[in-house]
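What follows is a short report on a single structure.
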Amino acid sequence: MIAEKMCGEKCGQAQTGVNWKNEMELVFDAVSSNESFARTAVAAFISHLNPTLEELADIKTAVSEAVTNAVIHGYENLYGYGVHGEARPAYVVIHPGKVWLHCLLEHGVLHIDVTDKGKGIEDLEQAMEPLFTTKPELERSGMGFAFMEAFMDELEVESVPGQGTTVHMKKKLGIGAWIHRED
């Protein structure tokens, strides 16, 4: 009752998807163990919206791929990413760096940006081709951008060689005004 009084009209707007937004930002070290942290944080961020299991899986997969790309390709931090089946990583290279994860939830659309200040992408068009990988020795599938594109509604990648990369993704969640609701 007290929370309801404090919340007033704003809570009603948030529940119906009208004129509301929420955002968060995380900055973490570019190491493989933080990939699971990032996808769990995004899942927790949208959990109050009660996303479907499919929406949640799609978002978590896309975030995982974007963060993994930042760690492996942006900074070339390969610790924890060994050749498939090996108990220890095939390569251990630690380059200091941070990954920025920014999420904005507005009118039922989740905007996710994953940014690194690593080496950037020389040929973005080639990097976005399915099955292309610059790390074949690690048995990388080259499907990261393809998965992001398949699981999100929109994908845009900006990269400047020597300066880093930002992956912009959007996903409409099943709460927006485009869904007819019966009262």
Side-chain angles (χ1 to χ4, degrees), residues 24-46 51 53-86 88-104 109-173:
M24 69 130 184
E25 185 168 86
L26 298 172
V27 180
F28 48 87
D29 286 336
V31 295
S32 65
S33 59
N34 285 335
E35 173 267 323
S36 62
F37 167 66
R39 72 173 181 256
T40 302
V42 175
F45 178 69
I46 65 167
L53 290 176
E54 182 179 354
E55 288 172 330
L56 201 52
D58 289 353
I59 292 164
K60 288 170 69 175
T61 299
V63 168
S64 179
E65 293 294 337
V67 170
T68 297
N69 278 357
V71 172
I72 290 180
H73 300 289
Y75 296 109
E76 296 191 322
N77 285 338
L78 306 176
Y79 183 79
Y81 293 104
V83 174
H84 182 70
E86 289 186 4
R88 293 177 13 160
Y91 302 91
V92 179
V93 179
I94 303 296
H95 296 111
K98 301 286 185 190
V99 176
W100 287 260
L101 172 64
H102 179 261
C103 296
L104 171 65
V109 178
L110 176 63
H111 304 256
I112 302 170
D113 293 337
V114 177
T115 302
D116 68 71
K117 301 293 184 192
K119 68 183 221 172
I121 302 171
E122 292 290 332
D123 186 341
L124 187 55
E125 188 176 324
Q126 183 183 38
M128 296 199 57
E129 289 178 18
L131 303 176
F132 174 78
T133 182
T134 59
K135 304 280 188 236
E137 69 278 9
L138 296 179
E139 297 181 13
R140 306 305 303 169
S141 69
M143 294 297 291
F145 286 129
F147 287 149
M148 287 179 243
E149 195 165 38
F151 294 138
M152 301 301 280
D153 295 320
E154 292 182 30
L155 171 69
E156 181 184 338
V157 181
E158 296 178 53
S159 190
V160 177
Q163 295 182 23
T165 301
T166 298
V167 175
H168 305 279
M169 300 179 282
K170 289 183 187 177
K171 179 82 167 177
K172 293 177 186 175
L173 301 174

Can you sort out the partners of A70 under side chain to side chain contact (heavy atoms under 4.5 Å, CB included), two or more places apart, ordered by chain and number?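 For A70, the residues satisfying side chain to side chain contact (heavy atoms under 4.5 Å, CB included) (neighbours in sequence not counted) are V99, D116.
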
Under the side chain to side chain contact (heavy atoms under 4.5 Å, CB included) test, which residues partner E156, sequence neighbours left out?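 If we apply the side chain to side chain contact (heavy atoms under 4.5 Å, CB included) test to E156, skipping adjacent residues, the hits are E158, H168.
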
Nearest-0.5 Å distance that lies between atom NZ in K119 and atom CD in Q163: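 The distance works out to 15.0 Å.
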
Measure the spacing between OG1 of T165 and CD1 of I121 and express it to the nearest 0.5 Å.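 Taking OG1 in T165 and CD1 in I121, the distance rounds to 4.0 Å.
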
Given side chains that start at C-beta, do those of K117 and W100 come closer than 4.5 Å, heavy atoms only?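 SC-SC contact between K117 and W100 confirmed.
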
Answer whether the closest heavy-atom distance between the side chains of V42 and L110 falls below 4.5 Å.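 They are in contact (side-chain heavy atoms under 4.5 Å apart), so the answer is yes.
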
Of all the heavy-atom pairs spanning [X] and [Y], show the shortest one and how long it is.
| X | Y | answer |
| --- | --- | --- |
| C103 | I112 | SG-CG1, 4.1 Å |
| P96 | Y75 | O-CD2, 3.9 Å |
| M152 | K170 | CB-O, 3.5 Å |
| P51 | I46 | CD-O, 3.5 Å |
| A43 | K60 | CB-CD, 4.0 Å |
| A62 | M169 | CB-SD, 3.7 Å |

Checking D153 against V109 for the side chain to side chain contact (heavy atoms under 4.5 Å, CB included) test, could you report, in this order, the C-alpha distance in whole Å, the side-chain angles of both residues, the deciding distance, and whether it holds? CA-CA 10 Å; D153 295 320; V109 178; over 6 Å; no

Tell me, please, which residues at least two apart from [X] pass side-chain hydrogen bond (donor to acceptor under 3.5 Å, both in side chains).
| X | answer |
| --- | --- |
| H102 | E23 |
| D29 | K98 |
| N34 | none |
| T61 | none |

Is the shortest distance from a Lys or Arg side-chain nitrogen in K171 or E55 to a carboxylate oxygen in the other one below 4.0 Å?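 No, K171 and E55 are not salt-bridged.
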
Step through the shown structure and confirm whether more than 12 heavy atoms of other residues, nucleotides or ligands are within 6.0 Å of CD on E25.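 Yes.
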
Mark yes or no for whether S159, through its side chain, and G164, through its backbone, hold a donor-acceptor pair below 3.5 Å.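 Pair found, side chain donor or acceptor close to backbone of G164.
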
From the options V67, N69, T40, select the one residue that forms a side-chain contact (heavy atoms from CB on, under 4.5 Å) with E35.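 Among V67, N69, T40, the one meeting side-chain contact (heavy atoms from CB on, under 4.5 Å) with E35 is V67.
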
